[in-house]
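In what follows, a single structure is set out as structure tokens and then discussed.
Within every chain, numbering begins at 1; the chains are lettered A, B, ... in the order of the sequence lines, protein sequences first and strands thereafter.
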Protein chains: 4
Amino acid sequence: MARALHAAIGEFEAKDRLAFYRFLVENFLPPEAQLRAAAEAYLAEPTPEHATQVAEAAEPARQELLRRMNMVPGGTAALVAMRRDLLTNLGNEPNLKPLDVDLRHLLASWFNRGFLDLRRIDWQTPAAVLEKLIAYEAVHEIQGWDDLRRRLAPDRRCFAFFHPALPGEPLIFVEVALISGLAAAVQPLLAADGDERAERAREQAADTAIFYSISNCQAGLRGVAFGNFLIKQVVEELKAELPRLGRFSTLSPVPGLRRWLDKRLLEPDAAEVLREAEVAALRLTVGEASQPGNPVALLHRLLEMEDWWKDAMLVEAARAPLTRLCTIYLTTPQGGRGPADPVARFHLGNGARLERVNWLGNVASRGIRESYGIMVNYLYDPEQIEANHEAFVRGAIVCSAAVNALLETPALPTAMAQPKAAIRTRRPPKD
Amino acid sequence: MARALHAAIGEFEAKDRLAFYRFLVENFLPPEAQLRAAAEAYLAEPTPEHATQVAEAAEPARQELLRRMNMVPGGTAALVAMRRDLLTNLGNEPNLKPLDVDLRHLLASWFNRGFLDLRRIDWQTPAAVLEKLIAYEAVHEIQGWDDLRRRLAPDRRCFAFFHPALPGEPLIFVEVALISGLAAAVQPLLAADGDERAERAREQAADTAIFYSISNCQAGLRGVAFGNFLIKQVVEELKAELPRLGRFSTLSPVPGLRRWLDKRLLEPDAAEVLREAEVAALRLTVGEASQPGNPVALLHRLLEMEDWWKDAMLVEAARAPLTRLCTIYLTTPQGGRGPADPVARFHLGNGARLERVNWLGNVASRGIRESYGIMVNYLYDPEQIEANHEAFVRGAIVCSAAVNALLETPALPTAMAQPKAAIRTRRPPKD
Amino acid sequence: MARALHAAIGEFEAKDRLAFYRFLVENFLPPEAQLRAAAEAYLAEPTPEHATQVAEAAEPARQELLRRMNMVPGGTAALVAMRRDLLTNLGNEPNLKPLDVDLRHLLASWFNRGFLDLRRIDWQTPAAVLEKLIAYEAVHEIQGWDDLRRRLAPDRRCFAFFHPALPGEPLIFVEVALISGLAAAVQPLLAADGDERAERAREQAADTAIFYSISNCQAGLRGVAFGNFLIKQVVEELKAELPRLGRFSTLSPVPGLRRWLDKRLLEPDAAEVLREAEVAALRLTVGEASQPGNPVALLHRLLEMEDWWKDAMLVEAARAPLTRLCTIYLTTPQGGRGPADPVARFHLGNGARLERVNWLGNVASRGIRESYGIMVNYLYDPEQIEANHEAFVRGAIVCSAAVNALLETPALPTAMAQPKAAIRTRRPPKD
Amino acid sequence: MARALHAAIGEFEAKDRLAFYRFLVENFLPPEAQLRAAAEAYLAEPTPEHATQVAEAAEPARQELLRRMNMVPGGTAALVAMRRDLLTNLGNEPNLKPLDVDLRHLLASWFNRGFLDLRRIDWQTPAAVLEKLIAYEAVHEIQGWDDLRRRLAPDRRCFAFFHPALPGEPLIFVEVALISGLAAAVQPLLAADGDERAERAREQAADTAIFYSISNCQAGLRGVAFGNFLIKQVVEELKAELPRLGRFSTLSPVPGLRRWLDKRLLEPDAAEVLREAEVAALRLTVGEASQPGNPVALLHRLLEMEDWWKDAMLVEAARAPLTRLCTIYLTTPQGGRGPADPVARFHLGNGARLERVNWLGNVASRGIRESYGIMVNYLYDPEQIEANHEAFVRGAIVCSAAVNALLETPALPTAMAQPKAAIRTRRPPKD
């Protein structure tokens, strides 16, 4: 019967599917008399037994229906697809939410980390899986098979989580570059090479693994978290495979920077974010040097110039203020929830620390558009992950000494030495 | 942390484990304020949304803890072992039930049929798996490796369900014999053979697959049902592999017969269950032929004689009454829940029909002790499974014509022809 | 030591390699005294024992050296590469032949059919293998990954032989199209499609498997035959997988046709190969209708016209004479070695029969250049393969009735019905 | 046809098989005219080309026939079985030798080391392979599945070579114990244990790998050498898996000792092999102390006493003379072919050194019978293997200092310190 139901749904039009979802929400409710009795008993006396009885009575029959739909071959894939479809409709039909709650509950249970396989993806992987990487890469688009091959070269690594019930379907994957030193920009990592000997030599010499892209593949599993586990387990795998590797870091975008900055520069005290030397440099390059003018307007004018990032003088004038502003953006806690930037929140919450802010780390159009080309390294130090995570939970944002220096010194430091002992933590504002 | 927790539990003494279970039950409750609010909202207005809110609020934090314990390597195995241990303590400590409810809820979700692999077990299977078959076989004990080899010979099949998180651990397995005709007794199926040519010839000539043993392996998964799916899927596998096979039947024990009969024969109308000719035969063999005496006492006397089943005359005298009484036992519905015998209830509920009652089908001591040596065939006809199951749900017990004849004719039939058209159904009593 | 030797050879320049080959030829000879003695004993008395002694004494120590070079990981691949290199030098250095004889002897022994694995290649195959298909396809070039994907679609099949010592290295592969009816032209088979539903429907409906490309991958294994076994085993695989398939045929090039025809038309009786109606048609299209002129020159003139195959009138005028001439070319035995065309000799020698000659079956530039666009079907009828092969060994060329008709009737038949009973065989000329 | 031939041979009686072998020897000869011509050309002028021509002409058609017999599924197994059968007949029918020469030539080529897989055998291995270990173990019999399990416990290793054409058929296997210190006796290694924790602890603490049994499995591959490669590759595997292991040694039988000693003690100077103190000890235990008597007769008398090895005094009296005599036996080169003992010749030829002679290393009946219970350690030092092998080829037998001391000192040393610097080599006698 589950089989027949899946077959029918597969043939449904969009409006039939919606009708079916509504049908599931409105029926398959928990048995009212039983739930009422359990609720009343609990309200009268909130013992563990009564709580358990409420939980048992409150489970909607819908969950059992969904569990049965999962029993047939392909059932899991069909339910993931159903939730993907449901999510696109939830905005217009908020009353479908109970169905989403049930689906997410079951999917989170079924896609428990304990059931996932970490697998390395390389040129020995079936083409049917590889083409999914091309389709799902969400951070730095893969330009066809030749580009993919570069990303799977000997000095690269790619790992994905798979679930036994979705064979051949990556759930999430991460792309890693093995290099010497901390990567400051993504374009060199993506550049074609093709000299296998050189690639093998770099693999052997590498001291650093750069996680430069991490992509979720299944829209139907939104809200079921994998990324945290993936990065940590890949760090373990890489340490075991290549003991020379001593540093594990991301090279990450700052997707919310521009939006935040646009607002920040509208505030009354906007001019104060710029330092004297910075204003002078802006004046020299985009304004008349003698004119007083509005410093913020100068910065705006610079960033509106076409291809400003290709002009060395403009680049130099923008560098100091934008780098510092980005650092402020990333290290200002929002209540107890970490910084506003979602990528920063993800990595800092996982126990990484904010290691370095890279000026013009990504000059592709998306990088310029979102963050004026700035990219960031979040460093995963296996020894510190736990402590950093605890600090984050308590409201702190852990930064390297270099990052802290950026915030404090009146000018950008020329060298960015990062003595380990000097790592400091930004405490949340006292309020 | 989950890892550390598992390690600690692994070192616990029995009383530490109990203390830990109690700790889990008494803490990790659902948040009281939230659940209270949700319960009140639901009681005021039982909408789908409010029901969902109750369900969300009622989920104890314990479940999330157990889900996290599942995330580490070996976590699933440890939780299954924990529940096995918990179940042995539940009798003495019924207040641990909420923990069992949570564990069973999660395990049932994780061991959903959609996540199980059906695998054939044969002589190519790793020894580490095979030795588990020897350990777990619950119906007809496996006497070491030579006996095991016989059960995996070319004219035998064995299939098991596995779960990806418990590699090498069968969850349930079924043993099948490929033969010609319907098996009436189990000893010939278990007898050693060793002539591989003959075994291959029988495999090729077979028209019937006899499911002669089905064993659950994981005490910690009690109440999570697999057997139903296993039999049906093995039927599909066998049909695909060996198209000559036209009949799929069990050869099953009747574990509750003796217990039932002992009670039945104490009832005031006990003597009426025997027929005149049967009484005469009993009198001839165990009593003085001329004496009137109590017919039931005669039957008792026979069954108390040492090794009665080795004496042809006694066997013949017991045959008719016991076979008929067994049939009555198996075909008498208990309210709406099918017959009293658990094996009968399992197979009939799955959609099998009661095909044949085999006198002295198992003369091993357990067979004699439990059911006076009687075994039963439950037939799985792929075309009828669904209809039989529906009939069972409505309270009927589907039997072959031969079985019905046993109940109706005044004497046992000599031949047991089973014309398909004559299959009949015993309706439940009208009350 | 073998390992060190391989490493050294790997670093050799071309001239060092040649010197090494010469060294191998001039040294490592069989022991002269022993071989001399064995040869004399055999000449005196040619018994089986003496023959064996000659064979043992004549085996050069070089073979043992090569066997030891094979023992290390990667040894087989290195020897195959060595022979590929050697073969390119053999033209200039015929004295290296003894080394080639030894290498071929050993490789033929090691790559015995019994050691090869037939594997299906599809979209689940590792990319590292798939890219080799792109590189090695020798008949109809694969234009990148999208073209490859089409050739591995549900209504296509691809199989290759692999050797355990060369994992991931196909030795030879064949591409098959599953269609309805006998394919007459290759371009439709290569055309992109991309509608997976339609592809699956064609797969299920297909009655014919067309082998449209077969490519050897390893130049170092030249002279070690695989193709014969590959086709026959693929026929078996396909019959087992898709019982609807009733016809197995190639769609093959005629690589030697143009070369042969150029010579043939220079012979004194060249004009006689054309028939009256054909000459008239040629005159109408390429010459002045009233002019007498040389018929052969007319044909030449047509075939020299640019893009003649795109002009319907020219195509029609060329069709009858070229189709017939091609048939003559393919059915004229050369002494006892079958026809001159190597592809024809290969398939006819394998037991196929010449089934149909397809006018403009391949209008790619290579097809036009080699054979004026003609392609041919060789049909593998599992029931007839053995008999056809025997006939071929005795000098006959087995053709379908339609092909025979082409040779005999004064004009091309309009319909090409092929009644099975009418298959006839062209006997070799009696001389 | 090859298939049909194999089927026919499979049904042959013994005498039919012999007739078939004779038929193969007497027919399928090399072409006489061609071989004659090649032989004459070579005799006239023994160039590389002529030698190659002889080799090509001398290859009997029989080899090609055998190669074709290998092409079908199961062909290799059938040919290995054929040679096994042939070898048992060769004693009575020496004229079948040419067939054996051909089979061995082909099998040696096909079973080249480069084509073999080394696989670890453990409790995860299919039962079908494991039961072959039980069947084939030739040195220390495996007493059923429980004994086998002990040999595959965590502190044991077992490795075998497999060939792709004989899946599931080990060719040769070696059993290894991981222990601390050099094993002096085999019974402790074979003793049951069953405490998995203790086994794992020993595995982790081990500094020595003892190769205590090595068995060839395929009689049909006699004369095709694997053992040498197996030991060396297992040493590499173990070093990679367990870096703590620093010593790799056998614990080997001395199968020819008793036979040699029986002869040696018959020689006229027999009495001189015993030393004064030894004679005194023998006199004390087996003779009358005052009697002069024949010292050799005393030793004989001791060794004829029932269960002498269970009597501490007898054991002590026999220890010194037998240990020294065994050392003499193992270190006396026979011409250029190493010592007389086949096991010693094998290991010393592979580059091991004679490390220690163990008194009463094997008190099973076979050990007592063959070598008065003595076992020997041959040590494989990866750094020295090559040099030792070279020394052996030049006629030397490499021994530890302790072994040399045994030969030289007038009495047995009490402690057997083995300073590495003191390893010495016994040169062959100058003749």
Side-chain angles (χ1 to χ4, degrees), chain A residues 1-2 24-30 32 35-36 38-43 46-60 62-63 67-76 79 94-95 97-102 105-106 108-110 112-117 163-165 229 386, chain B residues 1-2 24-30 32 35-36 38-43 46-60 62-63 67-76 79 94-95 97-102 105-106 108-110 112-117 163-165 229 386:
Chain A
M1 248 149 68
L24 289 181
V25 168
E26 285 156 23
N27 298 278
F28 302 97
L29 299 175
E32 189 172 337
L35 179 50
R36 224 170 234 293
E40 282 162 356
Y42 179 79
L43 289 173
T47 62
E49 287 74 19
H50 286 158
T52 293
Q53 283 158 14
V54 174
E56 286 192 284
E59 191 189 299
R62 193 163 47 235
Q63 283 198 14
R67 271 189 219 108
R68 295 202 182 184
M69 288 177 71
N70 187 58
M71 288 180 182
V72 300
T76 310
L79 289 175
N95 55 324
K97 182 126 196 284
L99 176 56
D100 183 51
V101 169
D102 287 332
H105 175 86
L106 290 170
S109 183
W110 292 337
N112 183 290
R113 166 69 194 91
F115 302 136
L116 305 185
D117 277 341
H163 188 277
F229 301 112
E386 197 116 358
Chain B
M1 249 150 66
L24 289 181
V25 168
E26 285 156 23
N27 299 277
F28 301 98
L29 300 175
E32 187 172 337
L35 179 49
R36 226 170 233 294
E40 281 161 358
Y42 179 79
L43 289 172
T47 62
E49 286 74 19
H50 287 157
T52 292
Q53 283 158 13
V54 174
E56 285 192 285
E59 191 190 298
R62 196 161 45 234
Q63 284 198 14
R67 269 189 220 106
R68 293 200 182 185
M69 289 177 70
N70 188 57
M71 286 178 182
V72 300
T76 309
L79 290 174
N95 55 324
K97 183 126 198 285
L99 176 56
D100 183 52
V101 168
D102 287 333
H105 175 86
L106 290 170
S109 183
W110 292 337
N112 184 290
R113 167 68 196 92
F115 302 137
L116 305 186
D117 277 340
H163 188 277
F229 301 113
E386 197 117 358

Which heavy-atom pair separates A/Pro98 from B/Thr52 by the least distance, and what is that distance? CB-OG1, 3.2 Å
Over all heavy atoms of both residues, which pair between B/Arg36 and A/Tyr42 is shortest? Give the atoms and the distance, please. N-CE2, 4.3 Å
Quick check on [X] against chain B: is it the side chain, the backbone, both or neither that has a heavy atom closer than 4.5 Å?
X        : value
A/Ser109 : both
A/Asp117 : neither
A/Gln53  : neither
A/Asn112 : side chain
A/Phe28  : neither
A/Val54  : both

A/Glu59 meets the salt bridge (charged side-chain N to carboxylate O under 4.0 Å, His left out) criterion, sequence neighbours left out, with A/Arg67
Can you find a pair of side-chain heavy atoms, one from B/Leu35 and one from A/His50, that are under 4.5 Å apart? no
I need the residue from A/Pro46, A/Pro60, A/Ala51 with the largest number of non-hydrogen atom pairs under 4.5 Å to chain B. A/Pro46
Residue among A/Lys97, A/His105, A/Glu386 with most heavy-atom pairs under 4.5 Å to chain B: A/His105
What is the distance from atom CG of A/Leu43 to atom CG of B/Leu43, rounded to the nearest 0.5 Å? 6.0 Å
Rounded to the nearest 0.5 Å, what's the gap from OG1 on B/Thr47 to CG on A/Asn95? Could you check? 11.0 Å
